[in-house]
Amino acid sequence: MSLSTATAQLDRKGFLDLDVDPTLDLVAEIQRLKREKNAVILAHYYQESEIQDVADFIGDSLGLSQKAASTEADIIVFAGVHFMAETAKILSPGKKVLLPDLKAGCSLADSCTPPLFRKFKEKYPDHIVVSYINCTAELKTLTDICCTSTNALAVIESIPKDQPIIFAPDKNLGAYLIKKTGRDMVLWNGACMVHEIFSHARIVKLRQHHPNAKFIAHPECEAHILSMADYIGSTTGLLKFTMSDSATEFIVGTEAGILHQMQKSSPHKTFIPAPPENNCACNECPHMKRNTLEKLYLCMEYELPEIILPDWIIEQGRASIDRMLEISEKAGLVVT
Ligand code: 13P
Ligand code: SF4
C-alpha cells in the first residue's frame, strides 16, 4: 500500500498499514530514528516485552506523566494507550506526540463519555470530581483533580474531609479508596475489562499448589479478589514489592505485561499470572497489545499517527493533571 493510501485510511484503521521489509532490523531502525529525530519512547509496563526493551522509560501511568512533562525530546512516542498519549500532549503541548495505533483505547475511558458524565455531575453540584487518569482528555476538562493508582490515596487525603467527592470512572478503585479512607464517595460505574477477569476460585486453587507464593493485585481488581491479596498496589508498586519482599514466588493479579520487568529485576524468583475466569489470555489488555514493534517503527519513520487536541481541551484539561502532579510531589511520589 502506498503512503498516501495508508495516510488516507489512518482514521479508519488507527495505524499506518504499510508493508515492512521482514528482514529489517526493527530495533536498530527504531534506535536510529530516536537519535535522528530526538525522540523519546515512553512505554507502559503492559506493552509487549520487545517494545519495553527499546523504550527509554518504562513505567506506570504516574511515572509516564511525569516523564512526559519533563522530557527535552522533540517527539514523544507513546507506547501505551490513547488516554496516556493525550495526557502527554496536554503536559507537553509544544511537542509532537505519536501513538503507534490510535485505536489503542481503554474500557475505563470508553465507559465515561463527557455528555453522560456532565449529566451525572449535575446531580451532585456540591461534589468535587476526582478522575482516574484512565479517562479521555475531554473528561479531564470536567475534572478537578486527576489521580493514578500510585497517588489515588494521597489525592483523596488532600481533600478536606467535609468535601463530598465524585470518583470516576473506575468503581473498583473507587471502592478500594472508600475502604482505605472511610470517605463516602459517589462512584461512576466503570471498570477495567482486564482487572475484572480474575477468578477467585482459580486463585484459591493456585495458592493451594503454591503455598509459599504471595498473591499481589492491582486496585483495579474487584473487592473479592483484593480481599485475598498480600499486597495491593499500582504496577510500579507491585514491581517494587516483588523486588524487596523475601518471597520467591508471586501470583500476579494485573495485566501480564508487567511480568517481563518482574522477571528481569528478580531473575531467581517465579512469577505466575493470576488465572482469569476462562482459559484465554484475558489478563492481557487487547488495547495495550494493539501496539507492535512494526507499528512503532512505522509511526517513528512517518511521524504518524499524531495526537492532536483542540486548544481548549489542552487548557482546561491541564489544571486537573497539574493538581495531581503537585500532590504527588508533596507526597514524595516522584519518578527519577
Ligand atoms: P497504573 O499504570 O497506574 O498501574 O494503571 C494500570 C493501568 O491499567 C493502566 O492502564
Ligand atoms: Fe484500560 Fe484496563 Fe487496558 Fe489499562 S489494562 S488500558 S485500564 S482496559
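Every number for a ligand or one of its atoms is a count from 1 in the order of the listing. Quick caveat: nothing in here was measured; it's all calculated off a predicted structure.
Every N/O-N/O distance between Thr148 and ligand 1 stays at or above 3.5 Å. Residue Ser149 has at least one nitrogen or oxygen atom sitting less than 3.5 Å from a nitrogen or oxygen atom of ligand 1, judged on distance alone. On a distance-only criterion, Thr150 and ligand 1 share no N/O pair closer than 3.5 Å. An N or O contact shorter than 3.5 Å links Ser61 to ligand 1 by distance. Taking only nitrogen or oxygen atoms, main chain and side chain alike, Thr236 does not reach within less than 3.5 Å of ligand 1. An N or O contact shorter than 3.5 Å links Thr235 to ligand 1 by distance.
The atoms of ligand 1 that sit less than 4.0 Å from any heavy atom of Ser234 are 4 (O). Close contacts between ligand 1 and Asp60 involve ligand atoms 1 (P), 2 (O), 4 (O) [criterion: under 4.0 Å to a heavy atom]. Atoms of ligand 1 lying under 4.0 Å from at least one heavy atom of Tyr132, given by number and element, are 5 (O).
Only the side chain of Asn134 comes within 4.0 Å of ligand 1, judged by heavy-atom distances.
The minimum heavy-atom distance between Thr5 and Ser2, with the atom names listed, is OG1-OG, 2.7 Å.
Under a 4.0 angstrom heavy-atom cut-off, Tyr45 registers as lying outside contact with ligand 1. The closest approach between a heavy atom of Glu255 and any atom of ligand 1 is not below 4.0 Å.
Side-chain atoms of Glu249 and His210 form a donor-acceptor pair, as typed in the model, at a separation below 3.5 Å.
Within the 4.5 Å cutoff, no side-chain heavy atoms of Cys192 are placed close to those of Asn134. Contact check for Phe15 versus Asn291: no side-chain heavy atoms found under the 4.5 Å cut-off.
In this view, Lys95 satisfies the side-chain hydrogen bond (donor to acceptor under 3.5 Å, both in side chains) rule with no residue, not counting sequence neighbours.
Listed by chain and number, the protein atoms of type N/O/S under 2.8 Å from atom 1 (Fe) of ligand 2 are Cys106 SG; waters are omitted.
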